[in-house]
Amino acid sequence: MPRWIWLPVALGVALALAVFANLAPAPRGADAPAGAFSAERAMADVRIIAAEPHPVGSPAHARVVDHLLARMTALGLAPTTQPGVLSPAAVRRLERWDVDATGLGLTNLIGVLPGTRPDLPAVLLMAHHDSVAQSPGAADDAAGVAAILETVRALRARGPRDRDVVVLITDAEELNLDGARAFFGDHPLRDRIGAVINLEARGGGGRAMMFETGKGNAETVALFARAAARADGGGATNALAAFVYELMPNGSDFTVPRDRGVQGVNLAFIGRPEQYHTPLSTPANLDRGSLQHIGSQTLETATLLASAETLPRAGGTAVWADVFGRVVIVTTPAAGWIVLGLAALLIGFVVVALGRREQPRPGEVGRGVLDGLWFLSVAVVAAHAVRALGGPSAARAEDAETYYALLARLPWLEAGAALAVLAVALLALGGRMALDRRIMAGLVVLLTLPGLVGEGPNPILLGAAALGLGLSFVAGPRGAWPAWLGLLGLGWLLAVIAQIAAPATAFLFAWPTLIVALAAAVVARLDPGLDRVAGAPVIAVLGALTAGWALAMAHPVFLGIGMDLPGVLAGLALIALMALRPLAPQAARVLTVLAAAVLLTGAVFSFWGTQARPAQAQAERIG
């Protein structure tokens with residue numbers, strides 16, 4: 001049986017694992033045990049809070065405040081209110097919503113679930129109760145508020161805990177984080193807070209991710225990893241998300257305590273982006289599995305924090321990532337060098353184990369590295385080209401209406417960019433070898449043009465790199481081992497660069513490189529000629545696991561930054577290519593034809609996204 005037969009099998013398994021890893025858990029019903037989190041119980045509050053838009057100053061806003069005070073009283077929190085003054089930035093935003101801000105202020109709601117040791121630093125649960133003017137805000141942030149209330153109910157059912165749990169339901173978050181600023185500015189409880197759990201949303205579904213921590217987060221991440229193992233659906237988190245979010249201009253209520261040096265975690269779900277700040281964000285449209293996931297993680301994290309002998313302290317920096325959403329692996333930045341060292345030793349072992357007959361020449365391995373760089377550059381160009389057909393980037397959106405329209409198109413844009421990268425992967429797997437290099441050069445030039453029009457001069461640099469690499473060699477490395485070792489070497493080099501420049505992100509390439517190097521070492525002993533049955537299953541199994549892990553990250557990564565940087569999918573695809581490369585045929589014209597069809601389909605998907613109905617029109621049709 002030819003080894004390429006295993007390629008579609010491994011790809012199918014990898015895609016199945018990626019889909020599984022991105023599924024939210026099933027919501028628990030109202031009959032769930034008292035000590036468990038129930039999305040259905042929480043939905044009772046979501047339906048009341050998000051019955052209509054409730055921005056600061058609206059009659060609905062006052063109704064929500066009254067409801068929450070009654071609920072907090074029923075839960076034994078003895079709530080109090082904290083009035084506050086709106087900042088000039090908040091007033092300006094209200095005026096853009098045609099709201100008269102004269103005499104308006106904010107109203108924070110604060111309650112305390114007493115512990116047995118009130119002398120200890122307290123745990124803070126935080127979400128905001130206001131919405132934007134155009135949205136009922138079922139996800140942002142009625143879901144967060146309801147999840148906190150259900151968490152408090154479950155904590156009481158679980159019995160006494162050492163620490164006080166402070167509930168802070170802030171106001172005016174949508175204006176300028178004014179409620180959080182007011183609490184941490186002068187409220188008497190602010191100096192008692194030792195750890196924070198904040199709940200947010202940018203969309204209406206998907207798995208809830210822990211995407212931000214305080215600085216010096218090693219102990220915080222270690223505790224969250226334990227909590228995630230106990231939560232429904234496990235945990236979704238990695239250091240890459242936290243690193244990227246820190247570079248972005250975004251902020252949430254968590255920004256305020258984080259900047260004060262308080263430890264904690266920030267949780268949010270970002271799927272179903274068409275609901276973000278739109279009329280579509282209704283209780284009926286909210287994904288109850290997302291509510292179950294964010295609530296269950298909140299409950300388990302709060303349970304551990306409230307019972308901890310000492311709360312996490314600022315100290316070392318963690319490197320972490322979940323594996324298919326079921327276990328969170330936590331290491332240190334220094335451990336990255338150990339992983340890279342082990343990977344290098346395994347790669348060296350492969351070269352020695354192959355012996356003189358199969359040992360590839362250094363020049364051919366170098367061509368394998370260039371082949372990987374060619375894939376990266378062309379895949380980025382293709383992703384940007386297809387993405388440009390869907391409209392301007394978020395950074396180039398001239399107004400909020402354009403930005404929200406782009407969010408509605410995001411699923412189409414994701415499909416288009418992913419198919420574009422897949423098309424280039426098919427060429428790298430053998431389709432390119434069946435084409436004249438001049439034809440490939442012309443294709444690269446054509447792919448550069450749409451990105452140039454939509455994204456500015458950057459695609460020229462990427463296109464030039466792809467063009468130069470494509471013209472520098474005709475058909476890539478000769479033989480499966482040079483191609484595989486070249487990609488392994490490239491993955492190792494990228495991991496080293498990341499380890500030096502941004503250690504928190506190096507795991508993205510270092511961990512897969514180690515696993516794939518292990519697969520290569522086993523195969524070098526079992527099947528040095530890559531022509532027996534024994535080696536292919538090893539490559540398929542470990543390759544499917546590695547590729548599936550990388551592809552599982554693709555969806556949340558694209559939802560986070562893909563609107564501006566669709567080429568980020570190329571880096572994740574490179575990991576999959578590195579894992580499965582030896583299963584590919586050396587040259588196949590059918591892959592060329594298939595790549596052309598996939599690329600065209602991706603372009604159609606991206607362009608079709610521009611026809612997505614505006615959120616207001618969809619809401620009217622649904623209503």
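The first residue in the sequence is number 1, and the count goes up from there. No experiment lies behind these values; they were computed from the predicted model shown.
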Participant: How close do A146 and A42 get, heavy atom to heavy atom, and via which atoms?
Facilitator: CB-O, 3.4 Å
Participant: Mark yes when over 12 heavy atoms from residues, nucleotides or ligands other than F324 sit less than 6.0 Å from its CZ; otherwise mark no.
Facilitator: yes
Participant: For a 4.5 angstrom cut-off between non-hydrogen side-chain atoms, does L559 reach P273?
Facilitator: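 Yes. Closest side-chain heavy atoms under 4.5 Å.
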Participant: Are E40 and R47 within salt-bridge range, i.e. N to O under 4.0 Å?
Facilitator: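 Yes.
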Participant: State whether the side chain of R63 and the backbone N or O of H54 hold a donor-acceptor pair below 3.5 Å, judged by distance alone.
Facilitator: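 Between the backbone of H54 and the side chain of R63 there is no qualifying donor-acceptor contact (under 3.5 Å).
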Participant: Looking only at atom types and distance, does a side-chain atom of T505 sit under 3.5 Å from a main-chain N or O of A502, one as donor and one as acceptor?
Facilitator: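 Yes; judged by distance alone, with no hydrogens or angles, the pair exists.
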Participant: Please answer whether the main-chain N or O of L413 pairs with a side-chain N or O of S606 as donor and acceptor at a distance below 3.5 Å.
Facilitator: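 No, S606 side chain to L413 backbone: no donor-acceptor pair under 3.5 Å.
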Participant: Roughly how far apart are M43 CE and L286 CG, rounded to 0.5 Å?
Facilitator: 5.5 Å
Participant: Under 6.0 Å between ring centres: does that hold for H61 and H129?
Facilitator: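 Yes, the ring of H61 comes within the 6.0 Å limit of the ring of H129, centre to centre.
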Participant: Is there a donor-acceptor contact under 3.5 Å from the side chain of S296 to the main chain of A231?
Facilitator: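 Answer holds: no.
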Participant: Is R387 paired with E414 through a side-chain N to carboxylate O contact shorter than 4.0 Å?
Facilitator: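 So E414 does not pair with R387 through a salt bridge.
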Participant: I would like to know whether E200 and H128 meet side chain to side chain donor-acceptor pair (under 3.5 Å); could you show each step before the answer?
Facilitator: CA-CA 8 Å; E200 262 291 356; H128 66 90; 3.1 Å; yes
Participant: For residues I575 and P512, determine if any side-chain heavy atom of one lies less than 4.5 Å from a side-chain heavy atom of the other.
Facilitator: yes
Participant: Nearest 0.5 Å please: distance from the CG atom of L422 over to the CG atom of L569.
Facilitator: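 Between atom CG of L422 and atom CG of L569 there are 11.0 Å.
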Participant: Grab the two heavy atoms, one from W374 and one from L427, that are nearest each other, plus how far apart they are.
Facilitator: CH2-CB, 4.1 Å
Participant: Quick one: salt bridge (charged side-chain N to carboxylate O under 4.0 Å, His left out) partners of E95, sequence neighbours excluded?
Facilitator: none
Participant: Could you give the distance from CG (L175) to CG (L86), rounded to the nearest 0.5 Å?
Facilitator: 6.5 Å
Participant: Taking atom CZ of F605 as the centre, report whether more than 12 heavy atoms of other residues, nucleotides or ligands fall under 6.0 Å from it.
Facilitator: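 12 or below, so no.
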Participant: For the pair L109 and D171, evaluate side chain to side chain contact (heavy atoms under 4.5 Å, CB included) and give the outcome as yes or no after the intermediate values.
Facilitator: CA-CA 8 Å; L109 310 177; D171 197 3; over 6 Å; no
Participant: How about N266 and S252: does a side-chain donor come under 3.5 Å of a side-chain acceptor?
Facilitator: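 Judged by distance alone, the side chains do pair up.
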Participant: Working to the nearest 0.5 Å, report the span between CD1 of I169 and CG of N108.
Facilitator: 10.0 Å
Participant: Walk me through it: do I329 and W511 pass the test side chain to side chain contact (heavy atoms under 4.5 Å, CB included)?
Facilitator: CA-CA 11 Å; I329 297 176; W511 295 4; 3.8 Å; yes
Participant: Using side chain to side chain contact (heavy atoms under 4.5 Å, CB included), reason through L577 and L487 one step at a time and then give a plain yes or no.
Facilitator: CA-CA 8 Å; L577 190 66; L487 286 173; 4.1 Å; yes
Participant: How close do Q275 and S281 get, heavy atom to heavy atom, and via which atoms?
Facilitator: O-CB, 3.3 Å
Participant: Considering all heavy atoms of both residues, which atom of G144 and which atom of A127 are nearest to each other, and what is their separation?
Facilitator: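 Looking at all heavy atoms of both residues, the closest pair is C-CB, 3.7 Å.
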Participant: Hey, which of T237, I197, V196 is the one that makes side chain to side chain contact (heavy atoms under 4.5 Å, CB included) with V265?
Facilitator: I197
Participant: Side-chain contact test, heavy atoms from C-beta onward, threshold under 4.5 Å: evaluate it for L574 versus L490 and give yes or no.
Facilitator: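 Heavy-atom side-chain distance check passes, below 4.5 Å.
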Participant: Where do P53 and V132 come nearest, in terms of heavy atoms and distance?
Facilitator: CB-O, 4.1 Å
Participant: Are E150 and T298 side-chain neighbours, meaning at least one heavy-atom pair lies under 4.5 Å?
Facilitator: no
Participant: For T220, which residues count as a side-chain hydrogen bond (donor to acceptor under 3.5 Å, both in side chains) partner, sequence neighbours excluded?
Facilitator: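 side-chain hydrogen bond (donor to acceptor under 3.5 Å, both in side chains) check on T220 returns Q263.
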Participant: Check each of Q134, R202, E174 against H277 using the side chain to side chain donor-acceptor pair (under 3.5 Å) test, and report the only one that passes.
Facilitator: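 Going through Q134, R202, E174 one by one, the side chain to side chain donor-acceptor pair (under 3.5 Å) with H277 is satisfied by E174 alone.
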Participant: Using the six-membered ring wherever Trp is involved, compare the ring planes of F507 and W549 and label them parallel, tilted or perpendicular (cut-offs 30° and 60°).
Facilitator: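 Aromatic pair F507/W549 classed perpendicular.
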Participant: Could R409 and E274 be called an ion pair, given the rule that one side-chain N must be under 4.0 Å from one carboxylate O?
Facilitator: no
Participant: With sequence neighbours excluded, what pairs up with S87 under the side-chain hydrogen bond (donor to acceptor under 3.5 Å, both in side chains) test?
Facilitator: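 Partners of S87 under the side-chain hydrogen bond (donor to acceptor under 3.5 Å, both in side chains) test: N176, D178.
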Participant: L104 versus V99: any side-chain heavy-atom pair under 4.5 Å?
Facilitator: yes
Participant: Would you confirm whether N22, through its side chain, and A552, through its main-chain N or O, come within 3.5 Å as a donor-acceptor pair?
Facilitator: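 Yes, the answer is positive, given that a donor and an acceptor are paired below the 3.5 Å cut-off.
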Participant: Answer yes or no: is there a side-chain heavy-atom contact under 4.5 Å between P136 and E52?
Facilitator: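 A side-chain contact under 4.5 Å is absent here.
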Participant: Under the side chain to side chain donor-acceptor pair (under 3.5 Å) rule, what do T170 and D253 come out as? Steps first, then yes or no, please.
Facilitator: CA-CA 8 Å; T170 66; D253 278 342; 2.6 Å; yes
Participant: Looking at CG of L199 and CD of Q297, how far apart are the two atoms once the value is rounded to the nearest 0.5 Å?
Facilitator: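 CD of Q297 is found 9.5 Å from CG of L199.
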Participant: Could you walk me through whether L494 and L508 satisfy the side chain to side chain contact (heavy atoms under 4.5 Å, CB included) test, starting with their C-alpha distance in whole Å, then the side-chain angles of each, then the deciding distance to 0.1 Å, before giving a yes or no?
Facilitator: CA-CA 9 Å; L494 291 173; L508 183 63; over 6 Å; no
Participant: List the atom of V421, the atom of A573, and the distance in Å for their closest heavy-atom pair.
Facilitator: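 Of all heavy-atom pairs spanning V421 and A573, the closest is CG1-CB, 3.4 Å.
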Participant: Run through F243, F269, Y245 and flag the one making a ring-ring contact (aromatic ring centres under 6.0 Å, His included) with F211.
Facilitator: Y245
Participant: Donor-acceptor pair, distance only, cut-off 3.5 Å: does the side chain of S131 make one with the backbone of G137?
Facilitator: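 Checked: no pair found.
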Participant: Can you tell me how far CZ of R181 sits from CZ of F184, rounded to the nearest 0.5 angstrom?
Facilitator: 12.0 Å
Participant: Ignoring hydrogens and geometry, is there a side-chain-to-backbone donor-acceptor pair from T255 to G251 under 3.5 Å?
Facilitator: no
Participant: Can you confirm whether L599 sits close enough to L419 that some side-chain heavy atom of one is under 4.5 Å from a side-chain heavy atom of the other?
Facilitator: no
Participant: Just so I know, are the side chains of F37 and H293 near enough to count as touching, which here means a heavy-atom distance under 4.5 Å?
Facilitator: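 When only atoms from C-beta onward are counted, H293 and F37 do not touch, as no gap falls below 4.5 Å.
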